[in-house]
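Following: one structure in structure tokens, then a few remarks.
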Amino acid sequence: DHTNKEMHHVLSGEEKDSKKKAQLEGRLRELTRQLADLRRRQTEAQRLLRVKQQQEAQINRMGTEIDRLKGQKEVVQSRMKYEEQQYRLWKKRWVARMREATRERAELQRQNNEQCKKLVQKTREADQSARKVEELRKEHHQYLAAGRQRIQIEREAARAAKVREANMRLRRELEERQRKVEQME
């Protein structure tokens, strides 16, 4: 009986140990599970931290890129403003030059018209002068011809006068001789 009791006690101790062991094993499993869960959560937290750091780095890079793009935008806007001012100045100068060229063209057209009128007038005057010169030349030829004719007539008249004078002298001489002959008879 005593042995039985001891056995029972041993069995009961073993049972207790077995129970305790089972409890401890259960506890160990639970702790292992919790530890694995904590490790998984730590890994996830580390991964999330890395992702967060990467995102922060990406945000910083994006901030830098945004600042760079803002700078480029300002440069482009400034350049556009400058180009626009230059274009406005160029257009103003171009319009002024066009106005000046139009005014000069109108002035040249006016001068050209005046020159054409003068040319027509001078051509008319030149034609009139040429006709007058031709008329004068004809008159001159006529005058020269009349002058030559007059000289010829005067020469012929002078010759005729000399011939008449010579005839008269001869007649007088003949008459004189005739008288002398008559006196001699």
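By convention here, the first residue in the shown sequence is residue 1. Because only heavy atoms are used, hydrogens play no part in the values below, and waters and symmetry mates are left out as well, while side chains stay in.
- Looking at Arg61 and Glu65, no side-chain N of the basic residue comes within less than 4.0 Å of a carboxylate O on the acidic one, giving no salt bridge.
- With no hydrogens or angles considered, no side-chain donor-acceptor pair links Gln115 and Gln111 at under 3.5 Å.
- The neighbour count for Arg97 CZ, taken as heavy atoms of other residues, nucleotides or ligands under 6.0 Å away, is above 12.
- Under the rule for a side chain to side chain donor-acceptor pair (under 3.5 Å), Glu25 has no partner lying at least two apart in sequence or in another chain.
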Under the side-chain contact (heavy atoms from CB on, under 4.5 Å) criterion, do Glu84 and Arg88 qualify, and how do the steps go?
-> CA-CA 6 Å; Glu84 191 179 326; Arg88 263 191 259 123; 2.9 Å; yes
Check the pair Gln34 / Leu31 against side-chain contact (heavy atoms from CB on, under 4.5 Å), numbers first and verdict last.
-> CA-CA 5 Å; Gln34 285 179 356; Leu31 286 171; 3.8 Å; yes
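- Between Glu107 and Arg110 there is a salt bridge, since a side-chain N of the basic residue sits under 4.0 Å from a carboxylate O of the acidic one.
- By the 4.5 Å heavy-atom criterion applied to side chains, Arg50 and Gln46 are counted as neighbours.
- The pair Arg41-Glu44 fails the salt-bridge criterion, with no side-chain N (NZ, NE, NH1 or NH2) lying under 4.0 Å from an Asp/Glu carboxylate O.
- Between Leu89 and Gln86, the closest side-chain pair of non-hydrogen atoms falls below 4.5 Å.
- For the atom pair CD (Gln152) and CZ (Arg159), the distance works out to 8.0 Å, reported to the nearest 0.5 Å.
- We find the OG-CZ distance between Ser129 and Arg124 to be 13.0 Å, quoted to the nearest 0.5 Å.
- Atoms CZ and CE, from Arg68 and Met62 in turn, are 13.0 Å apart once rounded to the nearest 0.5 Å.
- The pair Glu100-Arg103 meets the salt-bridge criterion, with a side-chain N (NZ, NE, NH1 or NH2) lying under 4.0 Å from an Asp/Glu carboxylate O.
- Distance check, rounded to the nearest 0.5 Å: CD of Gln55 to CG of Leu49 gives 11.0 Å.
- Linking Ile, Leu, Val, Met, Phe, Trp and Tyr residues whenever their side-chain heavy atoms come within less than 4.5 Å places Trp90 and Val95 in a single cluster.
- A salt bridge (Lys or Arg N to Asp or Glu O under 4.0 Å) with Arg179 is found for exactly one of Glu175, Glu182, Glu176, namely Glu176.
- In terms of the side chain to side chain donor-acceptor pair (under 3.5 Å) criterion, Arg171 has no residue partners (sequence neighbours excluded).
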Evaluate side-chain contact (heavy atoms from CB on, under 4.5 Å) for Asn167 paired with Arg164, printing each intermediate quantity in order.
-> CA-CA 5 Å; Asn167 281 341; Arg164 273 195 309 273; 5.5 Å; no
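- With salt bridges taken as basic N to acidic carboxylate O contacts below 4.0 Å, one links Glu134 and Arg137.
- Here Arg169 contributes atom CZ and Lys162 contributes atom NZ; the two are 10.5 Å apart, rounded to the nearest 0.5 Å.
- Not a single donor-acceptor pair under 3.5 Å links the side chain of Ser78 to the backbone N or O of Glu74.
- Cluster membership for Met80 and Leu69, using ILVMFWY side-chain heavy atoms within less than 4.5 angstrom, is not shared.
- Classification of Asp37 and Arg33 as a salt-bridged pair fails, no side-chain N sitting under 4.0 Å from a carboxylate O.
- Under the 3.5 Å distance criterion, with hydrogens and angles disregarded, a donor-acceptor pair is assigned to the side chains of Gln121 and Glu125.
- The CG atom of Leu48 sits 10.5 Å away from the NZ atom of Lys52 when rounded to the nearest 0.5 Å.
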